[in-house]
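Note on naming: letters A, B, ... go to the chains in the order of the sequence lines (proteins, then strands), and numbering restarts at 1 for each one.
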2 protein chains.
Amino acid sequence: MTDSTKSRGRGGDKRRKLAAAAAGVLHRQGVERTTLADIAHEADVPVGNVYYYFKTKDALVEAALAEHAAHLAELTGRLDRLADPRDRLKGLVEAWISQSDVAVHYGCPTGTLAVELDKREEGTLDLAAAEVIRGLLDWAESQFRALGMSDPRGLAVTLVSGYQGMSLLANALRDPKIMTDEGARLLGWLDSLTSGEDQRDG
Amino acid sequence: MTDSTKSRGRGGDKRRKLAAAAAGVLHRQGVERTTLADIAHEADVPVGNVYYYFKTKDALVEAALAEHAAHLAELTGRLDRLADPRDRLKGLVEAWISQSDVAVHYGCPTGTLAVELDKREEGTLDLAAAEVIRGLLDWAESQFRALGMSDPRGLAVTLVSGYQGMSLLANALRDPKIMTDEGARLLGWLDSLTSGEDQRDG
DNA sequence: GTCTATATAGCGATAGAC
DNA sequence: GTCTATCGCTATATAGAC
């Protein structure tokens, strides 16, 4: 229904469509409860045809993770244009708050995926989501360092941990207020931080 | 769970053994990746015999959740014997820290279960884990109220959210240091709180 | 390149022997 | 009450027609 041109060039369209569909469905239903038919249906692609683009279901999981990583990179890239690193961090929190309805319904896309993948045996994508989280931690750490904070990595962990915690709780309890309240608390915490100080008790 | 009269046989309480085995295996492997054979094997019970004690797999999931709730109740019950509510809350955080190796390997038992169950459709235990979390929030809220804090529920959410966040991150990154560092931060935060104050950033 | 039909395997659940 | 054997379903993955 989208394109009038069915296969552009090499059919990379369907591959991308499948990846986007996978990102959405896997987030909503979880990896284990999602069938290839679910993803194929969401992407408007015949079930058996999926294997022409992705050799296994795990390849689709990887593609979904890459989608989430790309979204995150786009967001941090936009925030990088802000002059003040503190404003960048606050912009990140505000982005989380603006997406709170998604978090309430399905949790953080990367966080819930990490929980699910961690239950797998070693060497089967069990640490794949960790890479995305680490990328976010690295970015936040850079901002705290630019602000002259003494323990930038620790502050980054506190920030991302705060987001993961509030997303999990809001999702489990189906309570949007947790997102707004805890989000406001994180913003206040960012404002309260002063350069070089050791204050991390927020 | 229901009756103590039902499975009080002389061959050992298999029902309880199955529930305990379910709590452990479901935590480590996740609900969807755990088969009844896994649980039966862990409990040293023949596979087909499981259905004599639990009618469905979901009944075993409920029993596992009840085990986690019981452990939590036992912990808070012990902490209730402390005179100072602040010491009770700090005791809770210290208990979390002492269990950090488990959290690093498999995450918070209730939290990861909540994430997994939330992916289900409505009416299929999708909110079962939320009840256990709510119980913990209620207990923490009582302690903050006893301390004379102005927003006891909000503080309880911040505390439990902090635990869930640090467990998720430590688990995803397989990093025990996150548990000790963030745990220490929570202890410092509890110490910094002063009665009736609105300070939640600090 | 695209899609249909099907092979194969594994799991939850049941029937029924003892 | 305890356990074995097995059914029926579903989902991943493949073979091969168009």
For Glu141(B), all residues meeting side-chain hydrogen bond (donor to acceptor under 3.5 Å, both in side chains), sequence neighbours excluded:
Arg145(B), Arg153(B)
Under 4.0 Å between a side-chain N/O of Tyr53(B) and OP1 or OP2 of dG1(D), yes or no?
no
Report the distance from atom [atom1] of [X] to atom [atom2] of [N], rounded to the nearest whole Å.
X        : N       : atom1 : atom2 : value
His41(A) : dA11(D) : NE2   : P     : 14 Å
Tyr52(B) : dA17(C) : OH    : C1'   : 16 Å
Arg33(A) : dT12(D) : CZ    : P     : 13 Å
Asp38(A) : dT12(D) : CG    : C1'   : 13 Å
Asn49(A) : dA5(C)  : CG    : P     : 14 Å
Asp44(A) : dC3(C)  : CG    : C1'   : 14 Å

Determine all donor-acceptor pairs shorter than 3.5 Å in which one atom belongs to a side chain in residues 54-70 of chain A; sequence neighbours excluded.
{"from": "Thr56(A)", "atom 1": "OG1", "to": "Asp58(A)", "atom 2": "N", "distance (Å)": "3.4"}
{"from": "Thr56(A)", "atom 1": "OG1", "to": "Ala59(A)", "atom 2": "N", "distance (Å)": "3.1"}
{"from": "Lys57(A)", "atom 1": "NZ", "to": "Val31(A)", "atom 2": "O", "distance (Å)": "3.0"}
{"from": "Lys57(A)", "atom 1": "NZ", "to": "Thr34(A)", "atom 2": "O", "distance (Å)": "2.7"}
{"from": "Asp58(A)", "atom 1": "OD1", "to": "Arg120(A)", "atom 2": "NH1", "distance (Å)": "3.3"}
{"from": "Asp58(A)", "atom 1": "OD1", "to": "Arg120(A)", "atom 2": "NH2", "distance (Å)": "3.0"}
{"from": "Asp58(A)", "atom 1": "OD2", "to": "Arg120(A)", "atom 2": "NH1", "distance (Å)": "3.2"}

Between the protein and nucleotides 10-13 of chain C, list the N/O to N/O atom pairs that are separated by less than 3.5 angstrom.
{"from": "dG12(C)", "atom 1": "OP1", "to": "Thr34(B)", "atom 2": "O", "distance (Å)": "3.4"}
{"from": "dG12(C)", "atom 1": "OP1", "to": "Lys57(B)", "atom 2": "NZ", "distance (Å)": "3.0"}
{"from": "dG12(C)", "atom 1": "OP2", "to": "Leu36(B)", "atom 2": "N", "distance (Å)": "3.0"}
{"from": "dA13(C)", "atom 1": "OP2", "to": "Tyr51(B)", "atom 2": "OH", "distance (Å)": "3.4"}
{"from": "dA13(C)", "atom 1": "OP2", "to": "Lys57(B)", "atom 2": "N", "distance (Å)": "2.9"}

Listed partners of Tyr163(A) passing ring-ring contact (aromatic ring centres under 6.0 Å, His included), at least two apart:
Trp96(A)
Going by the rule ring-ring contact (aromatic ring centres under 6.0 Å, His included), which residues pair with Tyr106(B) if we only count those two or more places apart in sequence or in a different chain?
His27(B)
So side-chain hydrogen bond (donor to acceptor under 3.5 Å, both in side chains) across residues 164-174 of chain A, not counting sequence neighbours, yields Arg174(A)-Asp118(B)
Going by an N to O cut-off under 4.0 Å, is there a salt bridge joining Asp191(A) and Lys90(A)?
yes
